[in-house]
S.K.: 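Just passing along the structure, written as structure tokens.
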Amino acid sequence: MASRTGTHSPAGICKSLPERGLLLLMVLVFLEGSVLPLGAASSPDVTHQANSDNHIVKEAGHNFTKKPFPVLSLDYHHIQAPFEISLWVLLASLMKLGFHLIPRLSGIVPESCLLIVVGLLVGGLIKLAGEQVPPVLDSRLFFLCLLPPIILDAGYFLPIRPFMENLGTILMFAVVGTLWNAFFVGGLLYAVCQIQPGNPSILHQLELLPCLLFGSIISAVDPVAVLAVFEEIHINELLHILVFGESLLNDAVTVVLYHLFEEYAGVGSVTVMDVFLGIISFLVVAVGGVLVGAIYGILAAFTSRFTSHTRVIEPLFVFVYSYMAYLSAEMFHLSGIMSLIACGAVMRPYVEANISHKSHTTIKYFLKMWSSVSETLIFIFLGVATVEGPHNWNWTFVTVTVILCLVARVIGVVGLTYVINKFRIVKLTTKDQFIVAYGGLRGAIAFSLGFLLNKDHFPLRDMFLTAIITVIFFTVFVQGMTIKPLVELLAVKKKQEAKRSINEEIHTQFLDHLLTGIEDICGHYGHHHWKDKLNRFNKKYVKKCLIAGERSKEPQLIAFYHKMEMKQAIELVESGGGVKLPSAMPSAVSMQNIQPKKLPPAKPAERALSNLPKGREEEIRKILRSNLQRTRQRLRSYNRHTLLADPYEDGLGDLLIKKQKMIELERKNESEPAALSTE
């Protein structure tokens, strides 16, 4: 944007000063108003209690004195909860608005950092007002209300192609990398805590299992923090999907390690059988979460078949089925994040084929709004919870934790990349490894997991929370603020802002079919072969069950043509016959009665589809992607070592003999009439 990088004139600065001053005044007034309701909520209502006592005394004395009818009354407790929720949402929205009204600030400080600072200010104001800071970042509120919208938005609009192409690399970072970080941080932290046994310290009370539990909490990359920072630096698609995919898929590892170490921390020992059960639990948590999400996604797609007469409730099914998938997974202690990702990715292609364009727009913007507000509230609540405390600061524990998190991340990424590059066609460069290692941000998930610990079983829980908050602040502020200058300094490839043209997408799809055919010829069943098999199965069976009406049978080009004809007919009727049909898409009836006219030559600088609206161009793009010629099904696969004989090769000699006999017979027939005529 020009406003972020360009210089501002003095007139522009003076013009924007009143607006910024007005915005700052609104925020201060709002903060003052938010402190008073929160204080009222945290302190008992003495006047209300006194009035109720007086009322009881009057009833006891049978004194029914008539009072004047109250014209205006105040009952804050009646609307306390929704009013405070609305205030927090309004605060989050105003902060987001103010952040984007100051382009210089947004170009230097990430939005997540500014929101945490706002939370610190709000918590400080509540403290200065002499009120108790409310526990805003409660674990139930975070996991059941704030986190699902962000994950659903990420899963529903997940770029499937780059995600599946890099799934092996993502799984290596998410599973092996998270295990390495947890055991490296936890093990070395326990070793540091046992140093100097002659000098008694509170750290000597820590055992190995609580340290490993703390390592499993602090080692997972947070998807909320990654989304907040990486969307601002506009990193290329490969690095974004690697770090963000890791933050999504490491949820299963974190859940298993957390419950395993929490269960056996009080016992004090873990057997080989417990490790074996932990591995099985990981598979159950990961695969079970994906299956639950896929089942609810299929149910949502099947339900959307029957919504053609009630278009208003179409978006509701998407939200409700997704949330039910998350709750069902959490009910069985499965991975709710993986369940939401699977539900959104499975339902989207079928739901969008059934619902209307308006419903699609509603789903898109409601998810974006919901996830944006949740993300803003999470960072504000994180700042408020930091002020709330209680804290137990230990310099040794906190400093060693931050250093070990950085060292473990670097060693894990470099070591895993060395192994991964042996199997990748497109290698991860040194710059890519640096961005992946530097982008391992921690966030509110780690804080909420630490908040869930029982203080009776973990007496040093407050010290754990203080260290977790320090690591979160270090990664979000230090790494989040410096990653953008480092990306520009290292000249890392940025994301392409412009959309790929239809021509590029056609050639990409053509290359996919070509590679599938080459794999068929070579007899090598690679991922292109299995992707083609899956597409055939999807088209032959799944689409017929999940997509309504004739849309699953007739070619989409014909369906799109009928849709265009109907739309043009409606426009013609509504305007009284005065609408000029677009020449780029004439109707079949009009072409029978109109002589072809020469079109003016197109300007070379304009695109062929420049006059089409974005919605229609996107629909044409999807049609061209799904209707390209499929590679033909081969009955046999072969290679150069097992070449089959040509079935026509053995009969080639017989064919030549028969052809020679036919030529001789024709010559004989031609010579017989000539002999008869001479006689």
Side-chain angles (χ1 to χ4, degrees), residues 30-31 34-35 37-39 41-43 81 84-92 94-96 110-150 214 217-218 220 222-225 227-229 254 258 373-394 397-398 401-402 405 441-455 458 460-478 480:
F30 170 73
L31 291 178
S34 65
V35 172
L38 289 171
S42 59
S43 60
E84 291 182 1
I85 293 173
S86 302
L87 281 180
W88 282 113
V89 174
L90 182 60
L91 172 64
L94 287 176
M95 289 301 100
K96 205 170 188 67
E111 183 178 347
S112 54
C113 301
L114 187 67
L115 294 174
I116 291 177
V117 172
V118 170
L120 292 172
L121 293 176
V122 172
L125 286 176
I126 297 175
K127 280 269 190 181
L128 291 176
E131 304 294 340
Q132 184 180 359
V133 180
V136 286
L137 199 59
D138 181 68
S139 296
R140 288 176 57 86
L141 172 68
F142 174 76
F143 283 109
L144 299 182
C145 299
L146 297 178
L147 185 61
I150 302 173
F214 176 77
I217 293 174
I218 203 65
D222 189 80
V224 181
L227 271 178
V229 173
T254 305
Y258 180 83
V373 172
S374 297
E375 177 186 311
T376 306
L377 285 174
I378 285 173
F379 287 113
I380 292 179
F381 287 171
L382 193 59
V384 175
T386 303
V387 177
E388 176 193 5
H391 298 293
N392 185 1
W393 183 269
N394 187 290
F397 189 82
V398 172
T401 300
V402 173
C405 286
L441 308 178
R442 274 66 166 184
I445 291 182
F447 178 82
S448 299
L449 290 176
F451 192 80
L452 283 175
L453 294 177
N454 191 349
K455 197 169 184 179
F458 302 95
L460 297 179
R461 168 180 171 268
D462 294 340
M463 187 176 68
F464 284 177
L465 283 176
T466 304
I468 290 172
I469 290 175
T470 306
V471 172
I472 292 172
F473 279 23
F474 181 85
T475 57
V476 172
F477 280 89
V478 178

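Computed from heavy atoms alone, side chains included, the values below leave out hydrogens, waters and symmetry copies.
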S.K.: Given side-chain contact (heavy atoms from CB on, under 4.5 Å), test Leu452 with Phe142 step by step and report yes or no.
M.R.: CA-CA 11 Å; Leu452 283 175; Phe142 174 76; over 6 Å; no
S.K.: Assign the ring pair Phe214 / Phe397 to parallel, tilted or perpendicular, where the plane angle (0 to 90°) is split at 30° and 60°.
M.R.: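 Correct class here is tilted.
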S.K.: Between atom OG1 of Thr376 and atom CE of Met95, what is the distance when rounded to the nearest 0.5 Å?
M.R.: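 Between atom OG1 of Thr376 and atom CE of Met95 there are 10.5 Å.
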S.K.: Step by step, would you call Leu115 with Lys96 a side-chain contact (heavy atoms from CB on, under 4.5 Å)?
M.R.: CA-CA 8 Å; Leu115 294 174; Lys96 205 170 188 67; 5.7 Å; no
S.K.: Distance from Thr466 atom OG1 to Trp393 atom CH2, nearest 0.5 Å?
M.R.: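 Here the rounded value is 7.5 Å.
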S.K.: Any donor-acceptor pair under 3.5 Å linking the side chain of Ser139 with the backbone of Ser448?
M.R.: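 At least one qualifying donor-acceptor pair exists.
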S.K.: Indicate the atoms forming the closest heavy-atom contact of Ala467 with Thr401, along with that distance.
M.R.: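 Taking every non-hydrogen atom into account, CB-OG1, 4.4 Å.
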S.K.: Could you go through Leu382 and Ile116, starting from their C-alpha distance and side-chain angles, then the distance that decides it, and tell me whether this counts as side-chain contact (heavy atoms from CB on, under 4.5 Å)?
M.R.: CA-CA 6 Å; Leu382 193 59; Ile116 291 177; 4.2 Å; yes
S.K.: Over all heavy atoms of both residues, which pair between Asp222 and Gly443 is shortest? Give the atoms and the distance, please.
M.R.: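 Heavy-atom minimum between the residues: CB-N, 3.3 Å.
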S.K.: Find the distance between CZ (Phe477) and CD1 (Ile472) and round it off to the nearest 0.5 Å.
M.R.: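 Result: 11.0 Å between the selected atoms.
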S.K.: Compare every heavy atom of Ser374 with every heavy atom of Pro149, then report the nearest pair and how far apart it is.
M.R.: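 Taking every non-hydrogen atom into account, CG-OG, 3.6 Å.
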S.K.: side-chain contact (heavy atoms from CB on, under 4.5 Å) between Val117 and Cys113: does it pass, once the steps are laid out?
M.R.: CA-CA 6 Å; Val117 172; Cys113 301; 5.6 Å; no
S.K.: Would you say the side-chain atoms of Arg461 pair up with the backbone N or O of Leu453, donor to acceptor, closer than 3.5 Å?
M.R.: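 Yes: the side chain of Arg461 pairs with the backbone of Leu453.
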S.K.: Could you tell me the separation between the CG atom of Leu91 and the CG atom of Leu377, rounded to the nearest 0.5 Å?
M.R.: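 One finds 8.0 Å between CG of Leu91 and CG of Leu377.
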S.K.: Side chains of Ile445 and Pro223: closer than 4.5 Å at any heavy-atom pair?
M.R.: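 With C-beta onward as the side chain, the pair touches.
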S.K.: If only atom types and distance count, is the side chain of Asp462 paired as donor or acceptor with the main-chain N or O of Asn392 below 3.5 Å?
M.R.: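 Side chain of Asp462 to backbone of Asn392, a donor-acceptor pair under 3.5 Å: no, none is there.
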S.K.: I need the minimum non-hydrogen distance between Ser112 and Val229, along with the two atoms involved.
M.R.: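 Nearest heavy atoms, Ser112 then Val229: OG-CG2, 4.1 Å.
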S.K.: Could you check if a side-chain atom of Leu449 sits within less than 4.5 angstrom of a side-chain atom of Thr254, using non-hydrogen atoms only?
M.R.: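 When only atoms from C-beta onward are counted, Thr254 and Leu449 do touch, with a gap below 4.5 Å.
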S.K.: Between Arg442 (side chain only) and Ile218 (backbone N and O only), is there a donor and an acceptor less than 3.5 Å apart?
M.R.: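 Between the backbone of Ile218 and the side chain of Arg442 there is a qualifying donor-acceptor contact (under 3.5 Å).
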S.K.: For a 4.5 angstrom cut-off between non-hydrogen side-chain atoms, does Pro148 reach Leu144?
M.R.: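 The answer is no, as the side chains (C-beta and beyond) never meet within the 4.5 Å cut-off.
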S.K.: Out of curiosity, Phe379 CZ to Leu146 CG, how far, rounded to the nearest 0.5 Å?
M.R.: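 Answer rounded to 0.5 Å: 11.5 Å.
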S.K.: Measure across Gly383 and Leu120 and return the closest heavy-atom pair with its distance rounded to 0.1 Å.
M.R.: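 Distance-wise, the nearest heavy atoms are O-CD2, 3.3 Å.
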S.K.: CD1 of Ile150 to CG of Leu227: how many Å apart, nearest 0.5 Å?
M.R.: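 Going from CD1 on Ile150 over to CG on Leu227, the span is 7.5 Å.
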